[in-house]
Amino acid sequence: MTDAISTEPQAPRYDFRTQEPLWQKAWNEHACFTVEDVPTDGRPKYYVLEMFPYPSGKIHMGHVRNYTLGDVVARYRRARGFNVLHPMGWDAFGLPAENAARERKSHPATWTWDNIRNMRGELQRMGLSIDWSREFATCQPEYYGKQQELFLRFFETGLVERKESWVNWDPVDGTVLANEQVIDGRGWRSGALIEKKKLSQWFFAITKFAPELLAALDNLDRWPERVRLMQANWIGRSEGARVRFPLTAPKGDIADVEVYTTRPDTLFGMSFLALAPEHPLALAIGAQNAEADAFIAECRRLGTTAAAIETTEKRGFATGLTVRHPFIEGAEIPVWIANFVLMDYGTGAIFGCPAHDQRDWDFATLYGLPIRPVVKPAQGELPEGEAYTGPGTLMNSGFLDGLGVDESKSAAIARLKKMGWGEGETNWRLRDWGVSRQRYWGCPIPVIHCDNCGTVPVPVDQLPVVLPEDVTFDRPGNPLDHHPTWKHVNCPQCNGAAVRETDTFDTFVDSSWYFARFCSPQNASPVSREATDYWMPVDQYIGGIEHAILHLLYARFFTRAMQASGQIGVDEPFAGLFTQGMVTHESYRGADGRWLYPTEVERLADGRSVVTGTDEQVTVGRIEAMSKSKRNTIDPGAIIERYGADTARWFILSDNPPERDMEWTESGVAGAYRFTQRLFRLAESIASLGQVETPAESSPAARKLRRATHRTIAAVTEALESFSFNVAVARLYELAAAMTEAEKDATAAADDKALSAARIEALEMLTRITAPMMPHLAESMNDLLHAGSGLVANDAWPDFDDSLTAAETVTIAVQVMGKLRGTVEFPPGSPAEAVIAAAEAEPNVARLLEGKRIVKKVHVPDRIVNFVIAG
RNA sequence: GCGAGAGUGGCGGAACGGUAGACGCAGUCGACUCAAAAUCGACCGACGAAAGUCAUGGGGGUUCGAAUCCCCCCUCUCGCACCA
């Protein structure tokens, strides 16, 4: 590794080790970043929020990038005269704390709070402009108690339901697993075979908002297009029909089967009806037929994991039952149970039209069912060996013959409706949000189960339902469930013996409203109407793309639910969303293939890489996302310790556009560090000029520098507005270069007062426009120039002087037939005739034009002249 | 399979349809130094002695002029995926 600092003999000019803590203390003492819940100063508001961290132990580079981006926005907006809310907290509930408690034989709270303490210190060393007075952790009763109150409000509003649902049950851990925690049909921790089990669970009725959650995406114009698209796909609206097929012979009390389809136009091509293995009719059949039962059991065992579904072949079981067809008199269609039909989409049953659905085609081919085409493609023939799903004209379809696909959809629906066999229906992929988790380290669901009264919500005045502290993790299952006393209570209604709900909330609930709580973290009710009316929505939310669907959708739902239950006046939480890329690094492996940390690797002068201090050859691997398993992680704490927070921030901002993955390189950080020193040297040199009166007469050198300064202000402002931080950095490098140039000019003309004044102005401006990115260095430079003048953090963003940004001359490109052949210099705004005449006279151009007829002369003022010639 | 995004020097990347490669990193040469580091200066797409030619994944098109707009293709990344 190149080592910029340890090879430096003397202490650096700018000592971030003393300066950074100094300014952090000053900001803190002046409460620079503290805002009121409901400011009344009339300034516009701006709410900047980065996704709050899970307190895993240490911050990682992803956090550093996330919080640096947010901090630049926050500091910039503050300088622009906004009241800026920029809070921080902790997403503190979750399974890792329980696992750690199990391993260490301690308590989840201990581990969590240790981590919070450590990570808070690391974040504070980054010099973030955060209002720390608003900090909270979701594991505090002061927070989760309010969450319980919200749950009760939603309950009253009809947005909470208790219903049975199929879950992945781990019989060893005694808990429900999410789909992604089931690997090859086994629990990811216990390795036990997962069962599908029906369990009573709490649900938030997110589907009630499905239409508006989808429609409102159109208005989120400051969200990335792809996130809106992912959400739209997830919500998954589809239009079709519900069709009831009467069984030719009823099965017990089941007389018909309901099917959902988006292709009612292809009903004449139907050759089978298929049920999901969990469908009530399938279960009824299974109860009487051992073969059917065995098939159902096998389907269930294969589980619902994405991997299982992908690799599983289509299989079915012919039940022997038949249904009647709505349009074909006397037809009897066989009923199958099929493993590819999903119980939780539509009605759990489909009608199969093999000619026009690939899945049905596969299934029909396997079992020798008829394939009857009913749609004739508009062009060409029906494909061989696969289903045709495109547009066309109906055939073999009775009253639909000759109609197009769309027309016949409505015609079929109209007919079904008239017959009483079905109706048009809009369907949604989005499911209600199951929030029950059989865990200890989460927010208790504030409900009591009473044998007499049923499910009774805990009265608001008895909140919070606090987690008991005396729990152990020495046996599987939920500690709340086998706690000796905690769950036994008296029913709030009848005062009889009752038990608490021992499930806790999905931790996504905790992060679904924290942004609203930040507006008034001490408020008696969950959210303050006044504070959220002022601050909400979040103007700029920043985080990783991995939360594109679930977290953001849940937060959007919660905001609507809070609105519906009368607590908040907005319906969308995040007006602007920015999704940052990952931080990546080269990976290294030793001679034996083991992964090596970057700190263990040394690059030799000959380009080879070896294990530091040895001769062992190192293989430099791919650049990939930092991960513990690949050991290609860089510890932000070590970077800040060695280079300072400003250097880390600057490098992160400078490397590339923030939405892309960035590569962390040692040489890049070292370069950023050199720049901090260079800026400080410039500041020292300019500060040594002392007080300078601006003379009446300017000088060419002064004008040149002032032009660079004011152009930089304009360019950096524009870059920050558009999240082009890497461009802002480039413009600041250029200003620094211009200032170095001016220093040389000044050496040549020591008595140029105008230049001295311009240099001072350049430094003042540079300081202020660098401050959002390198806040500590900006304060130190400002202190050199104007000691005791106050903090840059409180300074206003500078305006640029338009009259100074114009160049004295512009270089106009001269083209012949669109190819650059020369340039001419002119004052901006020079008349076309003069410019064209000069362009024609330019020797190289004149040579090319000689003897040619000029057909056209294109002139774009101050930019280009192009001669089109003939022959 | 469907959807989205991206392909520009050795690398990260700039570029309202108007001088492609700003700025940084790496590199080369020089100054300073006994020497090194740091710093400062110059150079730094390819071919060519030069004039110039070729260059923004490939091929077409629009235009006086295309990295940028349109069509076709290729590659990569990400997301979704038996959703009826």
Side-chain angles (χ1 to χ4, degrees), chain A residues 2-10 12-13 224-230 232-234 236-238 240 259-263 266 274 276 306 309-310 312-314 338-342 344-353 356-360 362-363 427-431 545-546 548-549 581 623 650-651 654-657 659-663 665-672 674-675 677-678 681 715 724 726-734 736-737 740 744 811-823 844 847 855-860 862-869:
Chain A
T2 47
D3 196 335
I5 292 179
S6 57
T7 45
E8 214 170 315
Q10 304 119 8
R13 309 294 289 267
E225 183 56 33
R226 63 174 179 146
V227 174
R228 292 193 285 172
L229 216 102
M230 283 159 78
N233 289 340
W234 187 262
R237 182 179 196 274
S238 78
V259 150
Y260 175 75
T261 178
T262 54
R263 295 296 302 272
T266 63
I309 287 167
E310 236 172 287
T312 307
E313 269 186 281
K314 287 189 180 49
N339 65 346
F340 68 94
V341 181
L342 305 174
D344 32 313
Y345 187 77
T347 61
I350 61 157
F351 86 78
C353 176
H356 303 292
D357 183 291
Q358 192 56 45
R359 294 155 301 179
D360 298 347
D362 295 344
F363 191 75
N427 211 336
W428 303 85
R429 204 190 85 109
L430 184 67
R431 305 264 68 89
I545 186 74
E546 66 274 18
I549 299 176
I623 293 160
W650 185 254
F651 173 54
S654 69
D655 188 62
N656 68 349
E659 68 274 13
R660 297 198 204 164
D661 289 353
M662 74 163 285
E663 189 195 348
T665 61
E666 276 59 24
S667 55
V669 200
R674 283 198 298 272
F675 188 62
Q677 296 298 327
R678 184 173 160 207
R681 282 195 308 273
S724 307
N726 57 325
V727 178
V729 165
R731 296 291 95 87
L732 286 164
Y733 273 113
E734 284 169 344
T740 305
K744 274 179 260 163
T811 307
I812 296 169
V814 185
Q815 300 179 338
V816 178
M817 295 299 278
K819 282 191 194 299
L820 180 72
R821 298 300 174 178
T823 59
N844 194 36
R847 185 175 60 81
V855 179
K856 193 173 176 185
K857 300 171 181 177
V858 181
H859 174 245
V860 181
D862 296 346
R863 304 222 64 140
I864 210 158
V865 176
N866 187 14
F867 296 105
V868 185
I869 55 178

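Residues forming a side chain to side chain contact (heavy atoms under 4.5 Å, CB included) with A:Gln358 (at least two apart in sequence, or on another chain): A:Trp361, A:Asp362, A:Glu386, A:Ala387. In this structure A:Ile864 satisfies the side chain to side chain contact (heavy atoms under 4.5 Å, CB included) test together with A:Ala813, A:Gln815, A:Val860, sequence neighbours excluded. Taking A:Phe651 as the reference, A:Trp664 meet the ring-ring contact (aromatic ring centres under 6.0 Å, His included) condition, with sequence neighbours excluded. For A:Asp655, there are no salt bridge (charged side-chain N to carboxylate O under 4.0 Å, His left out) partners at least two apart in sequence or on another chain. Residues that satisfy the side chain to side chain contact (heavy atoms under 4.5 Å, CB included) test with A:Thr262, not counting sequence neighbours, are A:Ser238, A:Tyr260. The salt bridge (charged side-chain N to carboxylate O under 4.0 Å, His left out) check on A:Arg429 picks up nothing, with sequence neighbours excluded. Legend: residues meeting salt bridge (charged side-chain N to carboxylate O under 4.0 Å, His left out) with A:Arg263, ordered by chain and number and at least two apart, are A:Asp265. Scored by the side chain to side chain contact (heavy atoms under 4.5 Å, CB included) test, A:Tyr733 finds A:Trp650, A:Phe675, A:Val729 as partners (sequence neighbours excluded). In terms of the salt bridge (charged side-chain N to carboxylate O under 4.0 Å, His left out) criterion, A:Glu546 has no residue partners (sequence neighbours excluded).
Of the candidate nucleotides B:A84, B:G18, B:G52, B:G18 has the atom nearest to the side chain of A:Val858. Taking only side-chain atoms of A:Val727, from C-beta outward, the nucleotide of B:U39, B:A15, B:U19 with the closest atom is B:A15.
Using a 4.0 Å heavy-atom criterion, one finds that A:Lys819 contacts the sugar-phosphate atoms exclusively.
Here A:Arg429 reaches the OP1 or OP2 of B:A81: one of its side-chain N or O atoms lies under 4.0 Å away. Of the side-chain N and O atoms in A:Lys856, one or more sit less than 4.0 angstrom from OP1 or OP2 of B:C64.
Consecutive Watson-Crick or G-U pairing (both distances under 3.5 Å) extending over three or more pairs maps onto RNA chain B as B:1-7 with B:74-80, B:10-12 with B:23-25, B:27-31 with B:39-43, B:45-47 with B:52-54, B:57-61 with B:69-73.
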Between the protein and nucleotides 40-50 of chain B, which nitrogen or oxygen pairs are less than 3.5 angstrom apart?
from, atom 1, to, atom 2, distance (Å)
B:G41, OP1, A:Lys744, NZ, 3.1

message: At under 4.0 Å between heavy atoms, how does the protein contact nucleotides 5-11 of chain B? Give one character per nucleotide, 5' to 3', with B, S or -.
response: -------
